[in-house]
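Input: a single structure, listed below in structure tokens.
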Amino acid sequence: TPLTSIRGYAELFRMGATSRPEDTEKAMARIEEEAARMGVLVEDLLALARLDEMPQARREPVDLAPLAADAADDARVAARDREVTVTIDGEHVVTGDLAQLRQVLANLMRNALTHTPAGSPIELSVSSVDGYVRLAVRDHGPGLPEGAQANVFERFWRSEGGRGRGKAGAGLGLAIVAAIVDAHGGRVGAHNAPDGGATFAIDLPAGRLRAAAQLGADAPVAD
């Protein structure tokens with residue numbers, strides 16, 4: 001765990017085992033890295049706690065198309081060696097919490113970046129499927145181990161097979177995705193692609209914008 005590593009390197013420093021400047025620099029760098037990893041873990045736990053306490057998301061019209069484009073741009077900046085493609089056919093409006101839906105996209109993209117080889121492409125798509133808006137992230141990594149589809153969205157679940165330990169993960173990113181999607185009345189799923197890699201998909205109930213004049217409101221709302 002991050003705390004174990006932080007404590008270990010701190011004890012080495014206190015005992016004088018890192019007397020050489022290069023050893024001290026390495027120990028301090030590792031403490032900093034593990035502290036950052038601990039920060040991610042705490043933030044994820046707090047996010048899940050908030051979702052448990054207030055599972056009902058705020059309701060406002062949200063077009064997933066620009067959110068997906070932003071998430072792809074963020075991934076390209078974070079991993080400049082990646083080819084990230086986006087396929088979107090028009091507007092795809094759902095109702096829900098804008099910040100939470102952004103987090104869903106960020107977590108799905110971070111999962112793809114973390115568990116696939118450097119330089120491998122990632123495909124992001126937004127489409128309509130039977131009254132739902134489907135957001136799918138397809139990677140070209142090692143895929144999911146056999147039987148993992150049923151567990152991958154559980155809290156603290158970690159793969160023992162094809163998908164290795166991430167740089168700062170604790171098995172909570174996809175659990176947060178599942179909790180947010182559930183609060184929005186949606187569904188989540190994951191499967192291996194026939195030609196390799198894995199696809200993570202979420203379906204959210206589609207909404208539609210109605211004119212403010214029809215409702216006597218100042219802004220459009222979504223059904």
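Atom set for the values below is all heavy atoms of this structure, side chains included, hydrogens, waters and symmetry mates excluded. Every value quoted in this text rests on a predicted model; they were computed, and no experiment measured them.
One hydrophobic cluster, built from ILVMFWY side chains closer than 4.5 Å, holds both V86 and V62. One hydrophobic cluster, built from ILVMFWY side chains closer than 4.5 Å, cannot hold both V129 and L67; they sit in different ones.
A distance of 12.5 Å separates CE of M109 from CZ of F200, quoted to the nearest 0.5 Å. Atom CG of D70 and atom CG of L64 lie 11.5 Å apart (nearest 0.5 Å). Put simply, CD1 on I176 and CD on Q100 are 10.5 Å apart, with the number rounded to the nearest 0.5 Å.
Contact annotation: the side chain of R134 never approaches that of I202 to less than 4.5 Å [non-hydrogen atoms, C-beta and beyond]. In this structure the side chain of T95 never reaches within 4.5 angstrom of the side chain of E60, judged on heavy atoms. Looking at heavy atoms from C-beta onward, E83 lies out of side-chain contact with R76 at the 4.5 angstrom threshold.
Just one of T87, L135, I88, L108 meets the side-chain contact (heavy atoms from CB on, under 4.5 Å) condition when paired with L124; it is L135.
For the residue pair S128 and H92, a side-chain donor N or O sits within less than 3.5 Å of a side-chain acceptor on the partner.
When all heavy atoms of A71 and L105 are compared, the closest pair comes out as CB-CB, 4.0 Å. Taking both residues in full, the closest heavy atoms of A112 and D139 are given as CB-CB, 4.3 Å, listed atom of the first, atom of the second, then distance. Here the shortest heavy-atom pairing between F153 and L174 reads CD2-O, 3.3 Å. L113 and A79 make their closest contact through CD2-CB, 3.9 Å (heavy atoms, listed as atom of the first residue, atom of the second, distance). Closest heavy-atom contact between A10 and I31: N-CD1, 4.0 Å. A136 approaches T199 most closely through the heavy-atom pair CB-CG2, 4.2 Å.
With respect to the salt-bridge test (charged N to carboxylate O, under 4.0 angstrom), the residues E11 and R7 qualify. Ion pair R187/D182 not flagged as a salt bridge, since none of the NZ, NE, NH1 or NH2 atoms sits closer than 4.0 Å to an Asp/Glu carboxylate oxygen.
Without hydrogens or angle criteria, R59 side chain to D97 main chain gives no donor-acceptor distance under 3.5 Å. Looking at H184, its side chain never comes within 3.5 Å of a backbone N or O of L101 through a donor-acceptor pair. Between the side chain of T24 and the main chain of R20, a donor-acceptor pair closer than 3.5 Å is present. Counting only distance, with no hydrogens or angles, the side chain of R82 and the backbone of P121 share no donor-acceptor pair below 3.5 Å. With T114 contributing its side chain and N111 its backbone, the two residues share no donor-acceptor pair below 3.5 Å. Side chain of N192 to main chain of A198: no donor-acceptor pair is present (N/O by atom type, distance under 3.5 Å, no hydrogens or angles). At least one donor-acceptor pair under 3.5 Å links the side chain of N107 to the backbone N or O of G173. R138 places no side-chain N or O within donor-acceptor distance of the main-chain N or O of I122, the cut-off being under 3.5 Å.
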Any chance you could lay out the side chain to side chain contact (heavy atoms under 4.5 Å, CB included) test for D203 and V133, step after step, and finish with the verdict? CA-CA 5 Å; D203 291 342; V133 175; over 6 Å; no
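Other residues, nucleotides and ligands contribute only 12 or fewer heavy atoms inside 6.0 Å of the CG atom of D130.
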